[in-house]
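For reference, the structure is listed below as structure tokens.
None of the values given here were measured: they were computed from a predicted structure. Residue numbers begin at 1 in each chain, while the letters A, B, ... track the order of the sequences.
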Amino acid sequence: MSERYNAKEIEAKWQAGWEAEGAFHADTDSPRPKYYVLEMFPYPSGNIHMGHVRNYTMGDVVARYKRARGFNVLHPMGWDAFGLPAENAAMERRVHPGEWTYANIAIMRRQLKSMGLSLDWRREIATCHPGYYVHQQRMFIDFLKAGLAYRKESWVNWDPVDNTVLANEQVIEGKGWRSGAVVEKRLLSQWFFRITAYADELLRALDGLTRWPDKVRLMQGNWIGRSTGARIFFPLLGGADAAQRLEVYTTRPDTLFGASFCALSPNHPLSVELARGNPAIADFAEQCNRLGTGEEAIETAEKIGIDTGLRAGHPFIEGCELPVYVANFVLMDYGTGAIFGCPAHDQRDLEFARKYGLPVIPVVCPPGSDAGAFEIGAEAFTDDGTLINSDFLDGLDVQSAIATVNERLESTGYGEATINYRLRDWGISRQRYWGCPIPVVHCPDCGVVAVPYDQLPVRLPDDVAFDAPGNPLDSHTEWRDVPCPACGAAARRDTDTMDTFVDSSWYYARFCSPRRDEPVAADDVEQWLPVDQYIGGVEHAVLHLLYSRFFMRAMKRCGYVTIDEPFAGLFTQGMVCHETYRNRAGNWLYPEQVKPDGKGAMVGVKDGAPVQVGRSVSMSKSKRNTVDPEQIIETYGADTARLFMLSDSPPERDLEWSDTGIKGAWRYLTALWRMVTELGEGSEDGRGPGLDSASTRDDTADVAAQRAIHQTIEGVTSDLEKFHFNRAVARIRQLTNRLGEMDRQAAASEQTYRQGLEIVLRLLAPMTPHICAELWRHLGRENSLLDMDWPLAEAEYLAEDSVTVPVQVNGKKRATIELPSDHDEAGAESAALANEAVQRAIAGKAVRKVIVVQGKIINVVV
RNA sequence: GCCCGCGUGGCGGAACUGGUAUACGCGACGGACUUAAAAUCCGUUGGCCUAACGGCCAUGGGAGUUCAAGUCUCCCCGCGGGCACCA
């Protein structure tokens with residue numbers, strides 16, 4: 001009589017066992033090749049969610065699989081523990097952010113441990129711990145000395161609700177990503193990392209990241225946004241300073257003769273200067289800043305500007321004066337913050353010119369058009385063509401015109417060819433408490449002074465108040481007011497803290513030497529970096545991954561590491577989705593609050609009232625379409641949850657959560673449990689030779705079943721190598737079904753059956769480790785499944801004696817015939833033509849041609 | 001608007017470099033067990049025609065290349081993602 005499958009019991013047992021023996025401690029002194037598997041570390045928000053379960057299951061499959069393949073695996077876990085939610089919690093519930101964070105970590109650590117992940121918990125780190133951020137402060141100072149960190153006045157996105165500065169990427173449709181408040185522009189003194197110094201390098205190195213998804217490389221490439229163009233100087237006429245000139249950037253210097261105006265960003269220094277003496281310009285600039293990018297597309301779509309009264313001289317047209325506008329569509333952060341407008345060949349410029357009655361001069365004529373008759377209507381012409389109305393450029397194509405005009409610009413001193421990037425420097429200052437303090441002091445005499453290394457870390461003070469708006473560090477005078485480390489005069493600490501993206505830009509390196517006194521130890525990073533397989537959400541495709549790539553290079557420059565790229569392999573997984581439910585009042589309902597009414601609709605569990613079923617979207621608390629992993633693990637066990645996460649959906653796509661799906665996974669494990677436990681404990685001699693020891697083919701056994709076993713090994717192995725977890729699961733289930741259908745009368749078949757189940761356990765072990773370990777033990781195996789090498793398919797079992805080959809007549813399948821595997825063309829042809837169904841399909845017509853693809857298909861053409 | 005990606009049964013999805021479309025799972029239907037239900041087990045399950053043998057039609061739509069197209073090419077439709085005044 002076999003015991004019932006009790007997931008909870010066996011999972012607890014095996015987890016305790018693994019922990020006790022330190023089974024997953026990464027070996028720093030091993031002859032085996034290293035493999036570093038890392039999943040993006042979680043923010044300790046309070047509870048793990050299904051996205052974590054999916055992410056960490058995939059990473060664990062890779063870790064356990066690579067271990068079985070003979071690698072020395074590093075698989076660590078930590079906490080992205082600084083950030084705004086902790087401060088919000090502090091304000092709402094009057095708990096200290098640190099207390100809240102560490103309490104959450106304790107909960108989530110327990111939850112993660114219940115998943116049975118093969119993690120080296122000795123290496124756990126939390127970015128909010130002084131033992132972590134002390135090193136970050138040290139590196140900040142190194143970056144500062146290396147010129148990679150600097151301070152500048154800059155326009156920032158100010159979130160008036162969170163009272164903080166937002167990165168561009170944290171502004172979504174003009175609103176703060178967290179608060180949703182309309183973002184304002186403000187001028188503040190900010191710390192920046194000089195990521196633009198590596199713009200070209202970061203772009204070019206993307207080609208070498210062959211184990212990254214193309215999609216991510218493309219997105220990063222677009223983000224960096226390299227363009228070739230020219231800077232052009234327009235002399236300003238009639239200004240106070242006659243020597244003043246306006247510098248613009250253009251990708252189309254060839255259209256210079258079509259210029260009809262210049263335009264400045266409202267935040268351009270010249271605009272700011274003009275605004276001081278001109279209330280209309282000041283008003284306009286303010287209006288632009290207030291609008292930001294957040295207003296309706298229709299409103300912002302309109303290109304508006306204001307004439308400054310200034311005039312710019314054309315570099316190459318004597319006496320030509322262009323009006324200078326301040327315009328809402330010119331960005332200060334791109335190029336030089338000023339443009340020349342060529343309405344004929346740029347759609348925005350055209351709209352602007354039409355609005356303000358500016359000339360539209362075509363200078364590029366489309367191929368085949370008559371230069372004299374060519375006119376611009378409602379659409380600018382942006383394609384290649386022949387230059388017209390352009391003096392020394394006339395007759396050239398666009399490419400040569402660009403080269404020619406660039407030469408002339410350089411020889412006359414009116415400009416130069418240049419390369420421009422969309423990428424901007426990384427602003428890291430945050431006006432928040434719960435972050436890594438920026439380790440500098442502002443001294444009235446010495447200016448910015450780095451805190452000396454031996455005074456690090458600059459610890460966050462514990463006694464802070466969150467009742468006042470703004471940054472609590474600002475109002476904490478005892479912490480803030482310190483003597484200057486250089487001269488001893490009264491000075492102030494920098495009260496900004498770092499963007500949490502800084503924390504996550506090097507944590508993967510810290511895992512290599514989590515307790516060392518230096519940020520990273522050379523021997524440790526030499527052993528482990530780069531990360532061989534990184535796994536996480538595609539939402540981090542640009543920022544986190546780009547910042548980390550920059551950070552590794554900055555660390556290299558400061559002598560910490562010798563490599564450039566932190567992540568050799570990257571996999572971006574899809575989200576976990578669920579249907580959404582709303583009651584008649586429009587309130588969101590949790591899945592457990594609704595049930596089917598039996599007629600295909602959903603109703604409330606309590607009141608039976610009809611429920612509107614919405615489309616399936618990523619699980620989120622706000623829509624209440626979440627399923628709690630802890631509940632699922634409690635009910636079905638971690639193995640079932642893990643198996644479901646890997647089944648059905650390809651890992652890069654979104655996964656639809658379904659109750660029936662998880663039940664299906666549970667059913668399978670229960671059935672497997674029964675199959676194995678019904679066998680009874682095998683004795684060593686009753687079991688016969690294991691597959692790993694017997695490589696000579698035993699023809700007394702069930703050869704077809706053995707072949708299925710080896711084909712499954714082969715298939716699952718290649719699936720796991722390629723991250724095709726769903727296919728691997730399908731194959732293992734298929735083999736299990738196949739074994740279940742076996743006629744086991746003969747002793748040899750019984751033996752094959754047992755071997756088959758052992759293989760199922762070994763193949764499934766990375767996915768559902770607890771049940772496999774338990775059943776492995778049940779089969780009488782004394783050695784740990786964890787220490788078993790990955791099974792290898794044997795070629796002699798993969799080869800078939802005969803093949804089933806479909807026969808087509810004119811491309812339609814009419815029959816299948818059995819042929820020996822090594823059949824020749826003639827034999828295949830005659831066998832095919834001898835087939836009755838084939839003859840019927842030919843229907844007496846003349847056979848024109850017979851195509852035989854050995855072992856694949858036969859096509860008879862009539 | 002620009003740049004990517006994806007469209008296969010009732011559903012999630014298989015199908016390696018063009019070679020048996022629908023593996024595996026879910027659901028549904030039928031049956032067994034049960035007083036009954038749940039659970040479990042067995043069977044059927046792309047659509048249409050046929051009493052049956054069998055045939056026809058199906059991978060978003062339309063063309064093309066090929067002995068052969070889910071797979072390659074072109075056009076169109078739909079969905080999703082990224083960037084969005086980038087000069």
Side-chain angles (χ1 to χ4, degrees), chain A residues 169 173 213-216 218-223 225-227 229-230 232 248-253 255 262-263 265 293 297 300-303 327-331 333-342 345-349 351-352 420-424 538-539 541-542 616 643-644 647-650 652-665 667-668 670-671 674 715 718-719 722 724 726-737 803-816 837 840-841 848-862:
Chain A
E169 50 274 9
E173 289 174 3
D214 290 341
K215 180 175 61 171
V216 173
L218 188 77
M219 281 163 71
Q220 291 212 354
N222 291 339
W223 189 263
R226 184 182 195 270
S227 69
I232 303 179
V248 308
Y249 174 74
T250 180
T251 53
R252 292 293 304 274
T255 64
C262 286
S265 161
T293 48
T300 48
E302 192 183 5
K303 319 271 176 281
N328 65 345
F329 65 93
V330 183
L331 302 174
D333 289 321
Y334 186 82
T336 61
I339 62 158
F340 79 78
C342 177
H345 305 290
D346 182 287
Q347 192 59 31
R348 288 155 311 182
D349 296 348
E351 285 170 39
F352 192 80
N420 190 56
Y421 297 91
R422 179 185 175 276
L423 183 71
R424 285 168 232 158
V538 73
E539 66 273 19
V542 176
S616 183
L643 183 62
F644 175 60
S647 309
D648 299 348
S649 294
E652 69 280 5
R653 280 205 224 165
D654 287 352
L655 172 115
E656 177 66 23
W657 177 269
S658 80
D659 286 333
T660 53
I662 190 115
K663 285 196 178 95
R667 242 194 322 261
Y668 170 74
T670 310
R674 202 178 321 110
S718 87
D719 284 340
K722 288 182 265 180
H724 293 160
N726 56 323
R727 298 204 301 208
V729 171
R731 270 187 226 276
I732 295 170
R733 297 182 76 137
Q734 198 165 23
L735 176 62
T736 314
N737 292 346
V803 281
T804 309
V805 177
V807 183
Q808 298 181 326
V809 176
N810 282 351
K812 275 192 206 297
K813 189 182 87 174
R814 295 298 173 182
T816 56
R840 209 179 321 124
R848 287 200 291 159
K849 199 173 29 135
V850 179
I851 288 139
V852 179
V853 181
Q854 220 260 336
K856 291 267 186 175
I857 205 161
I858 299 163
N859 194 3
V860 180
V861 186
V862 297

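Residue contacts shown for A:T804 include a base, since a base heavy atom lies under 4.0 Å away. Contact annotation for A:R653: backbone-only contact, meaning every heavy-atom pair under 4.0 Å involves sugar-phosphate atoms and none involves a base. Residue A:N726 is classed as a sugar-phosphate contact, given heavy-atom separations below 4.0 Å to backbone atoms only. Here A:R422 lies in heavy-atom contact (under 4.0 Å) with a base. A:G225 comes within 4.0 angstrom of no nucleic acid atom, judged by non-hydrogen atoms across all strands. Within the nucleic acid shown, A:V729 has no heavy atom closer than 4.0 Å to any nucleic acid atom. Residue-level contact check: A:D349 touches neither bases nor backbone, having no heavy atom under 4.0 Å from any strand.
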Give each protein N/O atom lying under 3.5 Å from an N/O atom of nucleotides 27-33 of chain B, with the pair distance.
none

Set out, line by line, the N/O atom pairs under 3.5 Å between protein and nucleotides 62-67 of chain B.
unit_1, atom_1, unit_2, atom_2, d
B:C67, O2', A:N859, ND2, 3.0
B:C67, O2, A:N859, ND2, 2.8

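Rounded to whole Å, atom P of B:G82 lies 18 Å from atom CG of A:D214. A:K215 places its NZ atom 15 Å from the C1' atom of B:C83, with the value rounded to the nearest Å. Rounded to whole Å, atom P of B:U17 lies 11 Å from atom NZ of A:K856. For the pair A:R674 CZ and B:U40 P, the computed distance is 8 Å after rounding to whole Å.
Atom CG of residue A:D214 and atom CE of residue A:M219 lie 13.0 Å apart, to the nearest 0.5 angstrom.
Distances shown here put every side-chain N or O of A:Y249 at or beyond 4.0 Å from the OP1 or OP2 atom of B:A87. For B:G54, the OP1/OP2 oxygens have no side-chain nitrogen or oxygen of A:R814 closer than 4.0 Å.
Checking B:C24, B:A87, B:C57 against every side-chain atom of A:L331, the shortest atom distance belongs to B:A87. Set against B:C85, B:U20, B:G12, the side chain of A:K303 has B:C85 as its closest nucleotide. Of the listed nucleotides (B:A23, B:C4, B:A87), B:A87 has the atom at the smallest distance from the side chain of A:T250. Taking every side-chain heavy atom of A:M219 into account, B:G82 is the closest of B:G82, B:U40, B:C26. Counting only heavy atoms from C-beta on, A:S649 has its side chain closest to B:G13 among B:G13, B:A87, B:G54.
Across every strand in view, B:C26 sits in a pair with B:G10 that passes the Watson-Crick or G-U test at under 3.5 angstrom. The nucleotide B:G80 finds its pairing partner in B:C4, both defining distances of the Watson-Crick or G-U wobble pair being shorter than 3.5 Å. Pair assignment for B:A32 gives B:U40, based on Watson-Crick or G-U wobble hydrogen-bonding distances that are each under 3.5 Å.
The gap from the P atom of B:G19 to that of B:U73 amounts to 15 Å, rounded to the nearest Å.
Take A:D349 and apply the side-chain hydrogen bond (donor to acceptor under 3.5 Å, both in side chains) test, not counting sequence neighbours, and it matches no residue.
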Apply side-chain contact (heavy atoms from CB on, under 4.5 Å) to the pair A:Y668 and A:I732, showing each step before the final yes or no.
CA-CA 11 Å; A:Y668 170 74; A:I732 295 170; 3.6 Å; yes
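With a glycosidic angle further than 90° from 0, B:G81 counts as anti.
Contact between A:W223 and A:R422 at its shortest, heavy atoms only, is O-NH1, 3.1 Å.
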